[in-house]
Amino acid sequence: MANVKTHVEESDILIIGGGMAGTGATFESRHWGRDLKIVCVEKANIDRSGAVAQGLYAINCYMGMQWDENQPEDHVRYARNDLMGMVREDLGYDMARHVDSTVHMFDEWGLPMMKNEKTGRYLREGKWQIMIHGESYKPIVAEAAKKSANKIYNRIMITHLLMDDEKENRIGGAVGFNMRTGDYHVFKAKAVIVAAGGASHIFKPRAVGEGMGRTWYAPWSNGSAYALPIAVGAKMTQMENRIVLCRFKDGYGPVGAYFLHLKTYTQNANGENYEKKWYDQTKSLVGEYIDHHPTPTCLRNHAFIQEVQAGGGPIHMVTKEAFQDPHLETVGWENFLGMTVGQAVVWASQNIDPKYTNPELTTSEPYVMGSHATCSGAWVSGPEDLSPPEYFWGYNRMLTVDGLFGAGDTVGGSAHKFSSGSFTEGRLAAKAAVKYIEDKKADGIKVSEKQYKDLKEVIYKPLENYTVGRNEITGGTVSPSYISPIQGLQRLQRIMDEYVGGIATNYMTNENMLNRGLELLKWLEEDLENVGAEDYHQLMRAWELKHRTITSQCVTEHTKFREETRWPGYYYRGDHLKLDDDNWHCLTVSRRDPKTKKFTMEKFPVYHIVDEKKEKKAS
Ligand SMILES: Cc1cc2nc3c(=O)[nH]c(=O)nc-3n(C[C@H](O)[C@H](O)[C@H](O)COP(=O)(O)OP(=O)(O)OC[C@H]3O[C@@H](n4cnc5c(N)ncnc54)[C@H](O)[C@@H]3O)c2cc1C
């Protein structure tokens with residue numbers, strides 16, 4: 001790749017991904033590290049990147065502590081309940097105690113917040129959500145990051161992390177390429193914060209062919225947040241805890257405002273409340289968890305999936321009643337305009353006016369993320385004042401690789417952070433990263449030219465594969481010597497779909513299927529050495545696919561390790577259909593050896609810090 005230009009940039013803090021967590025991390029790095037050099041690298045353009053690119057209609061995580069609406073303890077209990085007990089309460093509490101200050105900054109920066117006219121407070125959509133006119137949400141937080149960073153690089157995909165050549169298991173930076181110019185970029189850094197979002201498109205989506213990009217989760221979220229740390233041997237947690245969403249069919253429009261603000265409800269094709277019907281069956285699987293309030297998201301999915309399987313579908317959202325009120329009708333439509341315009345277009349194309357027709361719902365293919373109603377991601381240190389010894393190793397949100405931090409979807413164990421909590425977690429990680437540098441933990445890092453030159457060969461190889469192999473094509477797109485990124489992606493999606501609990505099997509899997517899935521993933525990994533890219537855009541697709549594949553391997557290993565069905569409605573282990581608190585009331589943690597590429601798995605205790613604290617206080 002002699003003709004590719006190389007740029008080397010040295011910084012103190014490197015932030016990978018300029019979404020919600022990345023902009024929070026960039027902003028806060030400057031606050032604590034006045035004289036530090038701060039660089040943020042984004043695959044798209046930070047003005048419109050990440051899951052919030054199109055805007056949001058609600059900030060889903062706001063305590064309202066100033067009015068005593070909720071306290072952090074309440075949020076920990078809520079997230080714990082929704083995740084069937086399996087959360088890192090230290091991380092959740094830490095985020096919750098700081099999240100209000102983040103939202104107040106958004107307000108100061110000009111994000112249009114809806115107000116309750118009677119109380120003057122932020123308008124609540126539900127217990128945790130406040131409503132915004134959020135089309136401009138992402139440009140507003142991007143501006144804060146742009147003012148804070150020494151440099152923002154757009155259109156650069158980070159493909160690998162760099163390691164210190166002097167000290168084992170210490171970070172040294174990252175490398176990637178510009179998808180427009182093709183230039184190679186080397187970012188040396190003392191601390192790195194990974195904030196690269198979650199993983200969509202690892203399971204086959206419901207929408208295929210021309211509708212393939214139409215998923216609930218952003219199609220550009222390709223699991224870099226997991227693949228980058230996994231590849232250098234960082235530990236991961238709860239990767240089996242993929243999420244399945246109940247959303248409006250085909251457009252995946254949000255249902256939160258409909259349920260919470262418009263007070264709409266669901267019913268089966270016969271107009272029945274089907275959730276009640278599945279109470280006894282669900283209780284036989286998960287015991288008293290079904291009696292918890294609110295009903296955990298996965299269990300509501302479970303009733304939906306069972307009802308459809310039993311022939312009661314399609315499931316509808318009853319909108320006809322609420323939409324008779326002109327105000328609620330406006331809110332219903334605006335909900336899509338600020339967030340998922342595509343849903344309105346789908347309804348128009350299907351002749352659905354929710355005032356006269358109750359629209360259909362569906363359950364999505366699974367996604368992997370750490371900030372929504374799910375908690376897959378990196379195993380990180382918690383804050384020193386809250387975390388028990390197993391959860392603490394020096395710096396808040398630092399992974400098990402020195403100097404490597406995470407935030408937002410990257411971080412596992414802490415669900416229900418959403419946009420505001422992810423930005424907050426970025427701030428927490430940045431504060432700790434600055435301290436890590438101030439404590440001189442990053443002194444003496446050396447990244448040899450050889451390390452990044454070797455990676456350059458690896459990164460651009462798909463272009464080479466194509467240039468050589470295309471001459472062997474006699475017709476169509478099938479080459480004897482390379483596979484294209486789309487062919488590889490479809491192969492990955494089928495493996496995950498059919499063996500790891502996707503829609504093909506109604507989210508069902510078992511040990512035999514997982515073993516077969518792992519075998520097929522291994523062969524895919526081998527074949528990806530021969531992925532071919534005809535241009536820089538396809539080179540990005542090739543690396544997205546490689547990141548998705550490593551992420552998928554990790555998901556599959558975790559799913560195999562947890563021998564129970566903890567979250568029916570997200571996935572089922574047919575060979576262990578019941579929740580098993582005696583053996584599996586624990587967090588799962590994996591590590592992939594960077595040399596052998598083999599995963600090892602272990603269990604970590606779940607500490608119920610919040611109520612333990614309360615008990616201590618009481619005694
Ligand atoms: C469909 C949907 C609806 C949601 N609705 C709401 C809501 O109503 N309210 C709410 O509060 N929250 C909502 N959320 C949650 C919220 O969007 C996420 O919690 C938040 O965006 C997570 O922040 P993040 O920084 O981890 O990821 P993102 O915000 O997704 O940012 C990740 C960034 O990393 C970049 N990136 C990825 N890979 C690379 C790479 N290799 N190199 C460089 N850059 C890379 C991406 O381009 C992106 O900009 C929703 C999420 C989704 C998916």
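Source: prediction; values computed, not measured. In each ligand, atom 1 is the first atom listed, and ligand 1 is the first ligand listed.
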| query | Hey, is ligand 1 close enough to Ala58 that some N/O pair sits below 3.5 Å? | reply | yes
re atom 49 (O) of ligand 1, the protein heavy-atom contact at minimum distance is Glu42 OE1, 2.7 Å
Heavy-atom neighbours of Lys188 NZ exceed 12 at 6.0 Å: yes
query = Do the numbers put Arg88 on top of the ring of Trp379, so that NZ or CZ is under 6.0 Å from the six-membered ring centre and no more than 45° off the axis?
reply = yes
shortest atom 11 (O) of ligand 1-to-protein heavy-atom contact is with Ser419 OG, 2.6 Å
Judged by heavy atoms only, the candidate from Gly198, Gly421, Ala51, Ala407 nearest atom 30 (O) of ligand 1 is Ala51
Candidates Thr23, Ile15, Ile158, Val194; heavy atom nearest atom 42 (N) of ligand 1 found on Ile158
Ligand 1 atoms nearer than 4.0 angstrom to some heavy atom of Val41 are 43 (C), 44 (N)
Near Gly408 (heavy-atom distance under 4.0 Å), the atoms of ligand 1 are 26 (O)
For atom 31 (O) of ligand 1, the closest protein heavy atom turns out to be Gly19 CA, 3.2 Å
Scan the side chains in residues 251-261 for donor-acceptor partners under 3.5 Å anywhere in the protein, sequence neighbours excluded, and list what turns up.
residue	atom	partner	partner atom	Å
Tyr252	OH	Glu365	OE1	3.4
Tyr258	OH	Gly332	O	2.9

In this structure, atom 53 (C) of ligand 1 is nearest to the protein heavy atom Tyr217 CD1, 3.1 Å
Report task. Would you check if the side chain of Ser414 reaches a backbone N or O of Leu91 as a donor-acceptor pair within less than 3.5 Å? Result -> no
d(Asn178 CG, Asn154 CG) to nearest 0.5 Å is 9.5 Å
So for Leu228 against ligand 1, with non-hydrogen atoms under 4.0 Å, the contacting part is neither
Nearest non-hydrogen protein atom to atom 26 (O) of ligand 1, with distance, is Asp409 N, 2.8 Å
So the atoms of ligand 1 within less than 4.0 Å of a heavy atom of Ile59 turn out to be 11 (O)
heavy-atom search around atom 3 (C) of ligand 1 in the protein gives Trp216 CZ2, 3.9 Å
Atom 18 (C) of ligand 1 has as its nearest protein heavy atom Ser371 OG, 3.4 Å
- Under 3.5 Å between some N or O of ligand 1 and some N or O of Lys138? no
Side chain to side chain donor-acceptor pair (under 3.5 Å) filter on Thr237, not counting sequence neighbours, yields none
re atom 25 (O) of ligand 1, the protein heavy-atom contact at minimum distance is Ala21 N, 2.8 Å
If we only count N/O pairs under 3.5 Å, is Leu56 in contact with ligand 1? no
(message) Check this for me: does any side-chain nitrogen of one of Glu10 and Lys37 sit under 4.0 Å from a carboxylate oxygen of the other?
(response) no
With heavy atoms and a 4.0 Å threshold, my read on which part of Thr340 contacts ligand 1 is neither
| Would you call Lys461-Glu457 a salt bridge at under 4.0 Å N-O? | no
